[in-house]
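Residue numbers start from 1 in every chain, and the chains themselves are labelled A, B, ... in the order their sequence lines are given, proteins ahead of strands. Please read these numbers as outputs of a predicted model, since none were measured by experiment.
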Amino acid sequence: MPERSPLVRGMRDLYAEELASIRIVESVFGDTLKSYGYEHIRLPTMERTALFSRGIGESTDAVAKEMFSFDDETDSLSLRPEGTASCVRAVIDANMYRGNQPKLWYVGSMFRHERPQLGRYREFYQVGAEAFGFNGPDVDAELIRIVQDVWERLEVNEEITLEVNSLGNTASRIRHRDALVEYLEGYREDLDADSQKRLELNPLRILDSKNEHTQQIIERAPNMSDYLDDESKRHFDEFQERLVRFDIRATMNPRLVRGLDYYTHAVFEWNTERLGAQKQVGGGGRYDGLCELLGGAPCAAAGFAIGVDRVALLRNELGLSTPSYTPDVYVLALSDDEDEYARQVAAQLRTTSSYSVRVHQGGGKVKARMRAADRSGARIALIIGAQEAASNQVSLKWLRINREQVTVPVTDLPTTLLNSN
RNA sequence: GUGGAUGUAGCUCAGUGGUAGAGCCCCGGAUUGUGGUUCCGGCUGUCGAGGGUUCAAAUCCCUUCAUCCACCCCA
């Protein structure tokens with residue numbers, strides 16, 4: 001026998017309930033974003049590696065350790081580890097924000113070379129939204145309100161908590177960073193190995209450390225909120241006021257820093273306790289400097305990204321799993337002689353109704369045909385024997401409810417079905 | 001990337017050196033124009049892969065792949 005080709009690590013075939021769950025999450029996001037006036041954008045899966053190293057940050061784990069990169073003829077290319085950098089690039093390329101304030105959303109696979117676990121895959125799905133050209137925190141708060149709408153529609157809002165923080169503008173960030181490094185230098189030897197490395201590369205991330213000893217040191221570290229200048233403070237105060245007005249419950253977490261470098265001002269994360277170690281279901285914030293950093297004109301911007309797989313898993317965890325696709329109607333002949341007539345009935349029904357109609361194929365005895373109808377999941381079986389075929393009729397049988405079978409002329413089928421719900 | 005657990009039929013799993021099993025599923029019959037219940041019968045396997053030890057390996061050893069858990073990271 002020829003050798004089988006095994007699935008690549010961290011990749012999945014998605015089908016049945018699992019896919020149905022994912023599609024529900026994606027479509028609710030899509031519908032909700034559309035209702036807020038966001039426009040759909042489809043972005044490429046591959047970009048130049050430089051876009052991510054510049055945009056996301058050379059020292060972030062996502063870029064430094066987790067990208068699928070390879071050399072093409074002239075450039076290093078990478079599978080996208082997230083969507084924001086591509087979206088910003090697209091906006092710059094098309095000059096979308098010249099005299100305009102684009103609001104965009106996207107959905108698609110992202111790739112990170114991590115050790116897989118439940119809720120963590122090498123190819124995973126994100127929905128994201130980005131708004132360009134808005135300075136005020138009203139957009140930031142609206143982004144959160146959009147996501148909150150989605151949580152409610154997906155019935156997961158009780159299981160998801162929101163944390164917020166402000167990183168301030170660039171000037172504030174630098175002042176805080178300097179103070180933080182100075183403080184942490186005093187404890188350099190006491191920090192865990194990872195944190196020691198980050199002291200040079202990305203000191204803010206040390207605030208995020210789960211190491212207990214490091215956490216003790218962080219307890220007394222300089223707080224970002226003490227370094228915010230007036231502009232940053234005003235921005236964040238207004239942001240929080242909006243959240244209250246938008247009926248959003250959020251917890252202030254002064255140590256929330258986000259893993260990607262481009263954030264400024266308001267940042268936020270959605271977490272759940274229901275998925276083990278994979279707590280985070282989404283995150284976002286403002287990134288006013290990114291457009292300029294990627295070679296575009298300066299442009300205020302804010303956005304979020306949601307882990308679709310994790311939200312779908314959460315729904316399953318809560319018993320909200322979505323039934324996979326099933327046909328509405330199963331048309332079966334009782335013997336090969338009526339198969340052609342059955343096919344015609346099915347074809348006709350597809351054009352006169354919006355039902356999904358499956359017709360029996362593969363022959364078999366009556367018992368096998370009926371069993372196939374049952375197993376298809378269809379609500380209704382249309383049974384065609386010699387009598388029906390001879391008189392242009394079909395027998396309609398409800399497979400899921402207790403109701404008497406009826407025999408009707410084919411021409412009456414659409415109305416009979418309509419009245420049968 | 002680090003540490004650990006697991007991998008046997010389509011599914012859930014038992015089997016710890018001596019002929020590969022159970023339940024569910026599936027197929028057939030009872031019931032040749034009616035599925036889902038019941039009864040009877042039947043099929044189903046590279047024991048994740050490769051190598052080694054042994055008269056003999058699903059079982060012991062090595063390597064490798066995958067999944068899961070924690071770390072890490074993030075969505």
Asks: Nearest-Å distance, CH2 (A:Trp398) to C1' (B:G35)?
Replies: 16 Å

Asks: Quick one: label A:Ala277 by what it contacts on the DNA or RNA (base, sugar-phosphate, nothing), any heavy atom closer than 4.0 Å.
Replies: base

Asks: Could you tell me which nucleotide pairs with B:U54 by Watson-Crick or G-U wobble geometry, both distances under 3.5 Å, or answer none if nothing does?
Replies: none

Asks: Taking the C1' atom in each of B:G7 and B:U16, what is the distance between them to the nearest angstrom?
Replies: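 The same atom, C1', in both gives a distance of 16 Å.
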
Asks: Please determine, for the side chain of A:Leu399, which listed nucleotide (B:A75, B:G35, B:G33) has the closest atom?
Replies: B:G35

Asks: Between A:Glu152 and A:Arg145, is the closest basic N to carboxylate O distance under 4.0 Å?
Replies: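 Salt bridge between A:Arg145 and A:Glu152, a charged N being under 4.0 Å from a carboxylate O: yes.
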
Asks: Between A:Gln117 and B:U67, is there a contact of a side-chain N or O with OP1 or OP2 at under 4.0 Å?
Replies: no

Asks: Side chain of A:Ala368, heavy atoms from C-beta onward: which of B:C71, B:G33, B:G28 has the nearest atom to it?
Replies: B:G28

Asks: Touch check for A:Glu123, heavy atoms < 4.0 angstrom, all strands: base, sugar-phosphate only, or nothing?
Replies: nothing

Asks: Judged by modelled atom types alone, do A:Ser21 and A:Asn316 share a side-chain donor-acceptor pair under 3.5 Å?
Replies: yes

Asks: Taking only the P atom of each, what is the distance from B:G10 to B:U32 in whole angstrom?
Replies: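 That atom pair is separated by 32 Å.
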
Asks: With respect to the side chain of A:Leu118, which nucleotide from B:A75, B:G35, B:C69 is positioned closest?
Replies: B:C69

Asks: Using only side-chain N and O atoms of A:Arg115, determine if any of them is under 4.0 Å from OP1 or OP2 of B:C71.
Replies: no

Asks: Please determine whether any donor N or O and acceptor N or O are separated by less than 3.5 Å between the side chain of A:Asp374 and the base of B:G35.
Replies: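 Yes, a donor-acceptor pair under 3.5 Å.
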
Asks: Using a heavy-atom cut-off of 4.0 Å across all strands, would you classify A:Tyr121 as base, sugar-phosphate, or nothing?
Replies: base

Asks: What's the CE-P distance between A:Met67 and B:C73, to the nearest Å?
Replies: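 Rounded to whole Å, this separation is 18 Å.
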
Asks: In terms of the nearest nucleotide of RNA chain B, which residue is placed more toward the 5' end: A:Leu275 or A:Leu7?
Replies: A:Leu7

Asks: Say you pick atom P in B:U44 and the same atom in B:C68; how far apart are they, in whole Å?
Replies: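 Straight-line distance between the two P atoms is 32 Å.
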
Asks: Let's see if you can work this out: which of B:C73, B:C74, B:G33 has an atom nearest to the side-chain heavy atoms of A:Asp61?
Replies: B:C73

Asks: Mind checking who B:U34 pairs with, Watson-Crick or G-U wobble, both distances under 3.5 Å?
Replies: none

Asks: In whole Å, what separates the C1' atom of B:C13 from that of B:U8?
Replies: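 Their C1' atoms lie roughly 9 Å apart.
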
Asks: Check every strand shown and say whether A:Gly276 touches a base, only sugar-phosphate, or nothing at a heavy-atom separation below 4.0 Å.
Replies: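 Sugar-phosphate: the residue A:Gly276, judged by heavy atoms under 4.0 Å, touches backbone atoms but no base.
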
Asks: Name the closest nucleotide to the A:Arg371 side chain, picking from B:G33, B:A70, B:G35.
Replies: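 Among B:G33, B:A70, B:G35, the one nearest the side chain of A:Arg371 is B:G35.
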
Asks: Mind checking the C1' distance from B:U59 to B:G21? Whole angstroms is fine.
Replies: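 Straight-line distance between the two C1' atoms is 15 Å.
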
Asks: Under a 3.5 Å cut-off for both contacts, is B:A66 paired Watson-Crick or G-U wobble with anything, and if yes, with which nucleotide?
Replies: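 Looking at the geometry, B:A66 pairs with B:U6.
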
Asks: Which nucleotide in the set B:G35, B:C68, B:C73 lies at the smallest distance from any side-chain heavy atom of A:Lys367?
Replies: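 Of the options given, the side chain of A:Lys367 lies nearest B:G35.
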
Asks: Measure from CG on A:Leu162 to P on B:A75 and round the result to the nearest Å.
Replies: 14 Å

Asks: Is A:Gln126 near enough to B:A75 that one of its side-chain N or O atoms lies under 4.0 angstrom from OP1 or OP2?
Replies: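 No, no such contact exists.
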
Asks: Taking only the P atom of each, what is the distance from B:U67 to B:C26 in whole angstrom?
Replies: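 It comes out at 29 Å once rounded to the nearest Å.
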
Asks: Kindly indicate, with the supporting measurements, whether the criterion ring-ring contact (aromatic ring centres under 6.0 Å, His included) is fulfilled by A:Tyr125 and A:Tyr121.
Replies: CA-CA 9 Å; A:Tyr125 298 87; A:Tyr121 311 101; 9.0 Å; no

Asks: Can a side-chain donor-acceptor contact be found between A:Thr161 and A:Asn271 if the only test is distance below 3.5 angstrom?
Replies: no

Asks: Compare side-chain N and O positions of A:Arg400 against OP1 and OP2 of B:G35 and report whether any pair is under 4.0 Å apart.
Replies: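 Answer no for this pair, as no side-chain N or O of A:Arg400 is under 4.0 Å from OP1 or OP2.
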
Asks: May I ask you to decide whether A:Arg343 forms a salt bridge with A:Glu340, counting only side-chain N to carboxylate O separations under 4.0 Å?
Replies: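 Looking at A:Glu340 together with A:Arg343, the answer is yes, because their closest N to O distance falls below 4.0 Å.
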
Asks: Does B:U12 pair with anything, Watson-Crick or G-U wobble, both distances under 3.5 Å, and if so, with which nucleotide?
Replies: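 Result: B:A22.
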
Asks: With a 3.5 Å cut-off and just heavy-atom distances, do the side chain of A:Arg379 and the base of B:G36 make a donor-acceptor pair?
Replies: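 A donor-acceptor contact between them is absent.
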
Asks: Let me know which of A:Glu66, A:Arg122, A:Lys65, A:Arg9 forms a side-chain hydrogen bond (donor to acceptor under 3.5 Å, both in side chains) with A:His113.
Replies: A:Arg122

Asks: Taking atom types as modelled and ignoring hydrogens, do the side chains of A:Glu123 and A:Ser109 form a donor-acceptor contact shorter than 3.5 angstrom?
Replies: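 Side-chain D/A pair, A:Glu123 to A:Ser109: present.
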
Asks: Would you mind classifying the nucleic acid contact of A:Gly364 as base, sugar-phosphate or nothing, using non-hydrogen atoms under 4.0 angstrom?
Replies: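 Contact class for A:Gly364: none.
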
Asks: Ignoring hydrogens and angles, answer whether the base of B:G33 and the side-chain atoms of A:Glu388 contain a donor-acceptor pair closer than 3.5 Å.
Replies: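 Counting by modelled atom types and ignoring angles, a donor-acceptor contact under 3.5 Å is found here.
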
Asks: For the side chain of A:Glu114, starting at C-beta, report the closest nucleotide among B:A75, B:U34, B:C72.
Replies: B:A75

Asks: Please give the nucleotide sitting opposite B:C71 as a Watson-Crick or G-U wobble pair, both distances under 3.5 Å, or none.
Replies: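 Because both required distances fall under 3.5 Å, B:C71 counts as paired with B:G1.
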
Asks: Would you mind classifying the nucleic acid contact of A:Lys279 as base, sugar-phosphate or nothing, using non-hydrogen atoms under 4.0 angstrom?
Replies: nothing

Asks: So, does A:Arg375 get its side chain near the phosphate of B:C26, meaning an N or O under 4.0 Å from OP1 or OP2?
Replies: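 Yes, because at least one side-chain N or O of A:Arg375 sits under 4.0 Å from OP1 or OP2 of B:C26.
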
Asks: Distance check, P atoms only: B:G48 and B:A14, in whole angstrom units.
Replies: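 Here B:G48 and B:A14 have their P atoms 13 Å from each other.
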
Asks: A:Phe124 on top of B:A75's base, within under 5.5 Å and under 30°?
Replies: yes

Asks: Just call it for A:Gln405: base, sugar-phosphate, or nothing, with non-hydrogen atoms closer than 4.0 Å on any strand.
Replies: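 Base contact.
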
Asks: Identify whether the distance between the nearest side-chain nitrogen and carboxylate oxygen of A:Glu26 and A:Arg23 falls below 4.0 Å.
Replies: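 Not counted as a salt bridge, because no side-chain N and carboxylate O are separated by less than 4.0 Å.
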
Asks: So, is A:Arg9 near the phosphate of B:U64, with a side-chain N or O under 4.0 Å from OP1 or OP2?
Replies: no

Asks: A:Arg198 has a side chain; which of B:C73, B:C71, B:A75 sits nearest to it?
Replies: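 The answer is B:C73.
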
Asks: In whole Å, I'd like the distance from the CG atom of A:Leu256 to the C1' atom of B:C74.
Replies: 12 Å

Asks: Among the nucleotides B:U34, B:G28, B:C72, which one has an atom lying closest to any side-chain atom of A:Lys365?
Replies: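 Nearest nucleotide to the side chain: B:G28.
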
Asks: Would you classify A:Ala381 as touching base, sugar-phosphate or nothing, given that sugar-phosphate means primed atoms plus P, OP1 and OP2, and contacts are heavy atoms under 4.0 Å?
Replies: nothing

Asks: Where the side chain of A:Asp328 meets the backbone of A:Ser356, is there a donor-acceptor pair that is under 3.5 Å apart?
Replies: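 Yes; judged by distance alone, with no hydrogens or angles, the pair exists.
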
Asks: Considering just the side-chain nitrogens and oxygens of A:Arg205, establish if one lies under 4.0 Å of OP1 or OP2 belonging to B:C74.
Replies: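 Checking B:C74 against A:Arg205, a side-chain N or O does come within under 4.0 Å of OP1 or OP2.
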
Asks: How far does the C1' atom of B:G45 sit from the matching atom of B:A49, given to the nearest Å?
Replies: 16 Å

